[in-house]
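These notes concern the structure reproduced below.
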Amino acid sequence: NKGNYEHYMQKEIHEQPESLTTTMRGRLIHRGSNKSKSVLLGGLKDHLKTIRRSRRILFIGCGTSYNAALAARPILEELSGVPVTMEIASDLLDREGPIYREDTAVFVSQSGETADTLLALQYALDNGALCVGITNTVGSAIARNTHCGVHINAGAEIGVASTKAYTSQIVVMVMLALAIGGDTISNQARREAIIDGLFDLPNKVREVLKLDQEMKDLAKQLIAEQSLLVFGRGYNYATALEGALKVKEVALMHSEGMLAGEMKHGPLALVDENLPIAVVATRDACFSKQQSVIQQLNARRGRLIVMCSKGDAASVCPNESCRVIEVPQVEDCLQPVINVVPLQLLAYHLTVLRGHNVDQPRNLAKSVTTQ
Ligand code: UD1
Ligand code: M6R
């Protein structure tokens, strides 16, 4: 049921304040005599000790689910202290990469039925790793075959382009990082800030959704383009990959997400006055590095669309040479949830304006059950 919306993708983008609320329901709690804030993931509570002691955590997934894990990687590394590596399921299988008994392998999948991810799960089980599922589908193959896991509870996702599942997956993996990371005095303020940020996140998503018309206007300007580059780094490398994936899969426009730190190592050659380039430059520890990336792109007369935190337009783009999208600022590890929303809206409007099928893009299926 699409309700008042024309397409499922549109509905699913706009219902993210609600889907995020259900994802977090019952999982953020006040604990102990001092009522300190904490996270409770029912499906993991008997396995946390094993996960903490593991030698490595591997995130395994495909497409959007891989990107969500990439967004959560830095906070998991920070709070757990355990090395975290990333695997695209098909690539792990192609390489027959090493997996050990001391590893925790986390399988991320909206459908829970993706063939590549399921085969990688079988491979990890055969190699004796602890296998954890993060899925949206109760009773799915991945939910059934993992040792334990977390349902993201985002509600059924119909549009082939994954939107609300992405933001709910990130939130679950941030909660996973909080659950694995110990409650030490030294990280208490950080943990509390993240938990407060989680409570307020649906409101902040509601705020960023107000950019809908602005993204439609931007889509009108980009309607006839051949290509769109998206640069991000740190927490928002994933935002660049996911924004570009949305644009290519539904709007059928070439788009690449790129690590901004790699710009000088090749992509810079593409920059001219015509190619549109989006740069994610919201406030976090990487902000000044992104400012200098913008300066270098400006110096080559790049056609820039810059996403920055509210109030930062003048500091990211002093000479008004670029188009600026201002988004609400949240805790750094939650910022990818906010930043992807304008890009989801842009991909949606581009698709409608270009006259393509939004909910069932050419050649794609919601659940990829063949290898
Ligand atoms: C569970 C109930 C929820 C109830 C809540 C009350 C289910 C599906 N969930 O939620 O309805 O409101 O208790 O406390 O009945 N699992 C995997 N692999 C996965 C995903 C999950 O093995 O990929 C396992 C978990 O380890 C757990 C079970 O499935 O044993 C349910 O997971 P989840 O729904 O996330 O648990 P709760 O949030 O506790
Ligand atoms: O169901 P899964 O999360 O395992 O699906 C993985 C990918 O097939 C999926 O995310 C795909 O990339 C989407 N069409 C992206 O929007």
Side-chain angles (χ1 to χ4, degrees), residues 16-17 20 67-68 70-79 166-167 170-171 173-174 177-178 187-211 214-215 218 229-244 257-263 277-298 302 304-346:
Q16 289 177 104
L20 289 169
N67 293 344
L70 189 65
R73 179 195 202 180
I75 194 64
L76 191 63
E77 286 179 332
E78 179 191 326
L79 295 181
Y166 178 72
T167 49
I170 296 175
V171 160
M173 287 184 271
V174 170
L178 288 163
N187 69 16
Q188 202 173 347
R190 173 74 160 146
R191 293 172 61 88
E192 294 232 345
I194 297 169
I195 295 175
D196 289 343
L198 285 168
F199 275 116
D200 196 37
L201 196 59
N203 287 329
K204 290 293 194 313
V205 172
R206 217 164 270 129
E207 201 177 316
V208 75
L209 280 165
K210 292 182 186 149
L211 292 173
E214 206 174 313
M215 291 304 109
L218 179 60
L229 301 189
V230 191
F231 281 118
R233 72 196 310 146
Y235 286 105
N236 290 291
Y237 175 36
T239 307
L241 293 184
E242 178 59 9
M258 292 178 174
L259 195 54
E262 279 287 284
M263 183 184 72
I277 303 176
V279 184
V280 184
T282 42
R283 288 276 170 172
D284 62 18
C286 296
F287 179 65
S288 62
K289 290 187 190 171
Q290 283 304 72
Q291 277 183 304
S292 83
V293 162
I294 293 166
Q295 277 165 12
Q296 293 174 48
L297 291 168
N298 258 330
L304 301 190
I305 300 153
V306 178
M307 185 186 296
C308 67
S309 304
K310 259 190 191 147
D312 266 350
S315 32
V316 292
C317 195
N319 52 6
E320 293 178 14
S321 54
C322 31
R323 167 123 196 176
V324 176
I325 305 165
E326 290 191 53
V327 298
Q329 188 184 343
V330 296
E331 197 67 13
D332 53 10
C333 60
L334 301 175
Q335 195 68 49
V337 171
I338 299 298
N339 292 359
V340 80
V341 173
L343 301 175
Q344 294 172 339
L345 291 168
L346 176 67

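All heavy atoms count here, side chains included; hydrogens, waters and symmetry mates do not.
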CG (L209) and CG (L345) are apart, to the nearest 0.5 Å, by 6.0 Å
Please list, chain by chain and in numerical order, all residues satisfying side-chain hydrogen bond (donor to acceptor under 3.5 Å, both in side chains) with D200, sequence neighbours excluded.
-> N203, K204
Considering residues at least two apart in sequence or located in another chain, which fulfil the side chain to side chain contact (heavy atoms under 4.5 Å, CB included) criterion with L218?
-> M215, Q221, L222, I305, R323, I325, L346
Find the distance between CG (N236) and OG1 (T282) and round it off to the nearest 0.5 Å.
-> 4.5 Å
With sequence neighbours excluded, residues passing side-chain hydrogen bond (donor to acceptor under 3.5 Å, both in side chains) with Y235 | R190
Gap between atom CG of L198 and atom CG of L334 - 0.5 Å precision = 5.0 Å
T167 vs L201 side-chain heavy atoms within contact, under 4.5 Å | no
Residue set satisfying disulfide bond (SG atoms under 2.5 Å apart) with C317, at least two apart, ordered chain then number -> C322
First locate atom CD1 of I277, then atom CE of M263, and finally report the distance between them rounded to the nearest 0.5 Å.
-> 8.5 Å
Is any side-chain heavy atom of V327 less than 4.5 Å from a side-chain heavy atom of Q335?
-> yes
Side-chain contact, heavy-atom cut-off 4.5 Å: S321 with L304?
-> no
Work out which heavy atom in L79 is nearest to a heavy atom in A177; give both atom names and the distance.
-> CB-O, 3.7 Å
To the nearest 0.5 Å, atom CG of L211 lies from atom CD1 of I338 at 10.5 Å
Tightest non-hydrogen contact, residues P202 and P17, listed as CB-O, 3.5 Å
Q344 meets the side-chain hydrogen bond (donor to acceptor under 3.5 Å, both in side chains) criterion, sequence neighbours left out, with Q16
Any side chain to side chain donor-acceptor pair (under 3.5 Å) involving residues 285-295? Give me the pairs, sequence neighbours left out, ordered by first then second residue.
-> R233-Q290
Quick one: side chain to side chain contact (heavy atoms under 4.5 Å, CB included) partners of R283, sequence neighbours excluded?
-> F287, S309, D312, S315, Q329
Out of curiosity, I75 CD1 to L178 CG, how far, rounded to the nearest 0.5 Å?
-> 7.0 Å
Distance-only side-chain donor-acceptor flag, T239 / N339, under 3.5 Å | no
In terms of heavy-atom contacts, C308 and A313 come closest through SG-N, 3.8 Å
Taking all atoms of both residues into account, what is the closest heavy-atom pair of G234 and C286, and its distance?
-> CA-SG, 4.2 Å
Residues in side-chain hydrogen bond (donor to acceptor under 3.5 Å, both in side chains) with E207, at least two apart?
-> K310
Heavy-atom closest pair (V324 atom, E214 atom, distance to 0.1 Å) is O-OE2, 3.7 Å
Can you sort out the partners of A72 under side chain to side chain contact (heavy atoms under 4.5 Å, CB included), two or more places apart, ordered by chain and number?
-> M173
E262: partners by salt bridge (Lys or Arg N to Asp or Glu O under 4.0 Å), with sequence neighbours left out = none
Set of side chain to side chain contact (heavy atoms under 4.5 Å, CB included) partners for A193, sequence neighbours left out | E331
Of all heavy-atom pairs linking G257 and L241, the shortest is O-CD2, 3.5 Å
